[in-house]
Amino acid sequence: MSSHDKSIGRFYEGWQTYNERIVEVVRDLSVEGLQTRPSPDGWPIWATVGHTAGARVYWLCGVLGEPGAEATPFPDAMTGIGWEDDLDRPRSATELTEALESTWRVLASCLDRWTPDMLFERFERRVGEKTQIHARQSILMRLLSHDAYHCGELSQTLGIHHLPQIDLWRPD
């Protein structure tokens with residue numbers, strides 16, 4: 001039995017396609033397109049994409065201690081400071097594409113190595129004075145729904161502004 005046969009990766013195979021579809025749209029956006037906001041007080045597209053990628057590193061590398069943060073634009077995973085926190089420094093399509101692809105590699109590595117028995121191991125996270133307990137399974141659900149939430153938000157923003165939307169379910 002190969003390591004992939006023992007891993008949880010086969011249960012999440014479609015997730016990589018979602019990442020690829022976001023990358024396809026983001027890499028072709030102009031500087032102006034990346035500055036598009038859903039509303040005057042909403043984040044520009046580039047900030048939402050950066051936040052989506054950065055969350056993967058925060059949870060996987062920062063909270064769970066998984067390797068790989070150094071190969072992403074977010075090497076200090078536990079700072080809690082993301083690209084979206086500095087709206088005066090817009091990110092390019094190239095930077096965003098690399099962020100999505102490099103953080104996907106971290107996530108894919110976890111999916112390939114983790115087994116079902118590992119999913120319910122518990123991890124502590126300090127938030128101020130409080131300690132929270134998280135399991136790998138709950139963090140995977142958080143990340144999958146986080147990716148999907150922001151993908152929908154991005155698609156809606158793109159559509160409102162007559163830009164190409166992200167089609168997660170198009171047949172290839």
For G62 and A77, the nearest pair of non-hydrogen atoms, with its separation, is N-CB, 3.6 Å
Is R105 salt-bridged to E98, cutoff N-O under 4.0 Å? yes
Report the C-alpha separation of T131 and R126 in whole Å, then their side-chain angles, then the decisive distance to 0.1 Å, and conclude whether the side-chain hydrogen bond (donor to acceptor under 3.5 Å, both in side chains) test is met. CA-CA 5 Å; T131 299; R126 297 280 303 157; 2.5 Å; yes
How close do L100 and R56 get, counting heavy atoms only, and between which atoms? O-NH1, 3.2 Å
With under 30° as parallel and over 60° as perpendicular, where do the rings of H51 and H150 fit, or are they tilted in between? perpendicular
What are the two closest non-hydrogen atoms of T103 and A53, and how far apart are they? CG2-O, 3.4 Å
Common cluster, L87/F74, ILVMFWY with side-chain heavy-atom separation under 4.5 Å: yes
Less than 3.5 Å apart, any donor N or O on the side chain of W114 or E121 sitting next to an acceptor on the other? no
For E84 and G50, work out which heavy atoms get closest and say how close. OE1-C, 4.3 Å
Which heavy atom of G42 sits nearest to which heavy atom of R37, and what is that distance? O-NH1, 2.7 Å
Minimal heavy-atom distance between K6 and P116, with the atoms involved, is O-CD, 3.4 Å
Going only through I, L, V, M, F, W and Y residues with side-chain contacts under 4.5 Å, is there a path from W15 to Y149? no
Side-chain (S138) to main-chain (A135) donor-acceptor, under 3.5 angstrom: yes
Does a sphere of radius 6.0 Å around CE in M141 hold more than 12 heavy atoms from other residues, nucleotides or ligands, not counting ones at 6.0 Å or beyond? no
Check: residues 163-172 side-chain donor-acceptor pairs under 3.5 Å, at least two apart:
from	atom 1	to	atom 2	distance (Å)
Q165	NE2	S155	O	2.9
D167	OD1	W169	N	3.2
D167	OD1	R170	N	3.1
W169	NE1	Y18	OH	3.2
R170	NE	D172	OD1	3.3
R170	NH1	E24	OE1	3.1
R170	NH2	E24	OE1	3.0
R170	NH2	E24	OE2	3.3
D172	OD1	R21	NH2	3.3
D172	OD2	R21	NH2	2.7

Is I160 linked to I45 within one hydrophobic cluster, defined over Ile, Leu, Val, Met, Phe, Trp and Tyr using a side-chain heavy-atom separation of less than 4.5 Å? no
How about T115 and D117: does a side-chain donor come under 3.5 Å of a side-chain acceptor? no
Sequence-distant partners of D86, side-chain contact (heavy atoms from CB on, under 4.5 Å), two or more places apart: D88, R89
Listing request: all ring pair (Phe, Tyr, Trp, His ring centres under 6.0 Å) pairs with a residue in residues 119-142, at least two apart in sequence or in separate chains. W59-H134
Would you say I81 ends up clustered with L60 if hydrophobic residues are merged whenever their side chains have heavy atoms under 4.5 Å apart, either directly or through other cluster members? no
